[in-house]
There are 2 protein chains.
Amino acid sequence: MVAGPTSIGPGKERLRLWIRLLRASRTIEAELRERLKKEFDTTLPRFDVMAALYRSPEGMLMSDLSRFLLVSNGNVTGIVDRLVSEGLVTRARRNGDRRTSMVRLTEEGSKSFAAIAAAHENWVGELLGTVSEDEARRLTGMLKSFRSNWEGRE
Amino acid sequence: MVAGPTSIGPGKERLRLWIRLLRASRTIEAELRERLKKEFDTTLPRFDVMAALYRSPEGMLMSDLSRFLLVSNGNVTGIVDRLVSEGLVTRARRNGDRRTSMVRLTEEGSKSFAAIAAAHENWVGELLGTVSEDEARRLTGMLKSFRSNWEGRE
DNA sequence: GGCGATTATTTCAAGCTTGAAGTTTCGTAA
DNA sequence: TTACGAAACTTCAAGCTTGAAATAATCGCC
């Protein structure tokens with residue numbers, strides 16, 4: 001999804017937009033991935049899961065994580081498995097519904113995430129440095145109105 | 001990279017923007033991936049490679065593809081391998097420099113891509129339907145000015 | 001209570017992705 | 001011309017990702 005338009009037609013500007021959008025996010029994502037690896041020896045998916053859990057001290061179900069992060073159930077299983085084996089999160093079986101388990105950050109996971117998140121925010125600020133805060137607000141607004149047509153779909 | 005901000009600070013709007021950007025592109029990408037699979041039994045990476053080759057009838061080197069698509073060399077090798085085995089592209093050894101090979105769409109690959117690309121453009125038009133062509137132009141402009149600071153970096 | 005449908009999760013195969021290490025070929029300088 | 005460093009590419013291990021199939025527990029209806 002990174003190639004240029006191959007024809008010109010009515011949706012031309014939208015196709016251009018999509019290609020720009022994709023190239024921008026891929027570029028930023030690649031840079032963040034690399035820094036996470038180099039500076040903290042972790043990955044973006046692990047960071048995503050930890051970020052979600054950090055916002056929910058009470059914990060999240062696997063399916064909550066899957067829905068929130070926009071990835072499949074099976075995917076979350078693997079990432080959480082690795083985080084558990086690293087001692088960063090726990091899976092607690094629940095009495096109420098034994099099909100589910102509550103996933104939470106450990107003390108260590110929480111400390112670890114806080115440090116990474118601080119660096120992460122700085123990196124994003126740096127990488128988007130050429131976008132003014134005001135412009136960022138406007139762009140966000142446009143993207144938000146688009147997203148609202150898709151949020152929570154299917 | 002899909003979680004919300006975990007702190008409020010100077011780069012707050014940029015972080016918000018990044019999260020929106022990422023969620024938007026993930027959502028669109030997931031939808032396109034699914035349709036490519038269902039309708040044409042292909043994948044996004046294959047589509048990307050074919051799109052690049054379609055623009056270059058004279059062919060591209062593996063490293064050209066890698067650079068253009070923003071993915072690693074080894075990655076391109078695997079995708080091209082699969083396209084070759086499907087008869088959609090060819091790898092032609094070159095007399096000039098025998099380290100390299102020219103990758104080209106086959107006749108079948110070219111026909112196949114044209115059909116997929118038409119559907120793809122319609123899908124993008126549909127998925128970005130809530131963004132007016134004019135708004136699309138403005139958004140693209142903003143993203144372009146951002147990208148120019150990164151294009152061809154490192 | 002029993003049982004079929006539903007829900008939550010895991011498992012699995014196939015493919016994508018990277019970064020590092022390995023192979024082959026090229027260019028060039030002694 | 002030979003040797004060495006660079007360039008183009010492939011191979012590989014590890015991890016991410018999906019979608020489909022399997023497992024297990026719960027729910028609702030009789």
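In what follows, every heavy atom counts, from backbone to side chain, and hydrogens, waters and symmetry copies are set aside. In the text below, chain A, chain B and the rest are named by the order of the sequence lines, each starting its count at 1.
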(request) Map I79(A) and G96(A) onto DNA chain D by nearest heavy atom, then report which one ends up closer to the 5' terminus. (result)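 Its nearest nucleotide lies further toward 5', so the answer is I79(A).
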
(message) Go nucleotide by nucleotide along DNA chain C from the 5' end; which of N95(B) and T43(B) gets its closest nucleotide reached first?
(response)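 Nearest nucleotide further toward 5': that of T43(B).
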
(message) With nearest nucleotide decided by heavy atoms, which residue, E34(A) or D64(A), maps closer to the 5′ end of DNA chain C?
(response) D64(A)

(request) Using the test salt bridge (charged side-chain N to carboxylate O under 4.0 Å, His left out), find all partners of R91(A) that sit at least two apart in sequence or belong to another chain. (result)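 Salt bridge (charged side-chain N to carboxylate O under 4.0 Å, His left out) list for R91(A), sorted by chain: D81(A).
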
Under 3.5 Å, side-chain donor or acceptor atoms of residues 107-117 of chain B against the rest of the protein: list the pairs with distances, not counting sequence neighbours.
none

How long is the line joining [atom1] of [X] and [atom2] of [N], in whole Å?
{"X": "R26(A)", "N": "dT17(D)", "atom1": "CZ", "atom2": "P", "value": "13 Å"}
{"X": "R99(B)", "N": "dC26(C)", "atom1": "CZ", "atom2": "C1'", "value": "4 Å"}
{"X": "L70(A)", "N": "dG19(D)", "atom1": "CG", "atom2": "P", "value": "13 Å"}
{"X": "E31(B)", "N": "dG19(D)", "atom1": "CD", "atom2": "C1'", "value": "15 Å"}
{"X": "D81(B)", "N": "dC9(D)", "atom1": "CG", "atom2": "P", "value": "13 Å"}
{"X": "L61(A)", "N": "dT26(D)", "atom1": "CG", "atom2": "P", "value": "14 Å"}
{"X": "M62(A)", "N": "dT23(D)", "atom1": "CE", "atom2": "P", "value": "19 Å"}
{"X": "D41(B)", "N": "dA20(D)", "atom1": "CG", "atom2": "P", "value": "12 Å"}

Donor-acceptor check, side chain of [X] to backbone of [Y], threshold 3.5 angstrom: yes or no?
{"X": "S66(B)", "Y": "M62(B)", "result": "no"}
{"X": "S101(B)", "Y": "A92(B)", "result": "no"}
{"X": "R104(A)", "Y": "E58(A)", "result": "yes"}
{"X": "N75(A)", "Y": "S72(A)", "result": "no"}

(message) Just to be sure I understand the geometry, which residues of residues 71-78 of chain A put a non-hydrogen atom under 4.0 Å away from DNA chain C?
(response) N73(A), G74(A), T77(A)

(message) Checking contacts here: which listed nucleotide (dT18(C), dG15(D), dA8(C)) is nearest the side-chain heavy atoms of R33(A)?
(response) dT18(C)

(message) Need one value for R94(B): base, sugar-phosphate or nothing, where a base atom within 4.0 Å counts as base even if backbone is also close, heavy atoms only.
(response)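 R94(B): no heavy atom of the nucleic acid under 4.0 Å.
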
(message) Using a 4.0 Å heavy-atom cut-off, does R93(B) contact any base of the nucleic acid, only the sugar-phosphate backbone, or nothing at all?
(response)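 Touches nothing.
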
(message) With a 4.0 Å cutoff (strictly under), does any side-chain N or O of S63(B) reach OP1 or OP2 of dC9(D)?
(response)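 True: S63(B) side-chain N/O within range (under 4.0 Å) of dC9(D) OP1/OP2.
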
(request) Please determine if a side-chain N or O atom of R67(B) lies less than 4.0 Å away from the OP1 or OP2 oxygen of dA8(D). (result)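 Indeed not, no polar side-chain atom of R67(B) lies that close.
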
(request) Would you mind telling me which of L44(A), L69(A), T43(A) makes a side chain to side chain contact (heavy atoms under 4.5 Å, CB included) with V49(A)? (result)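 When L44(A), L69(A), T43(A) are each tested with V49(A), the side chain to side chain contact (heavy atoms under 4.5 Å, CB included) holds only for L69(A).
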
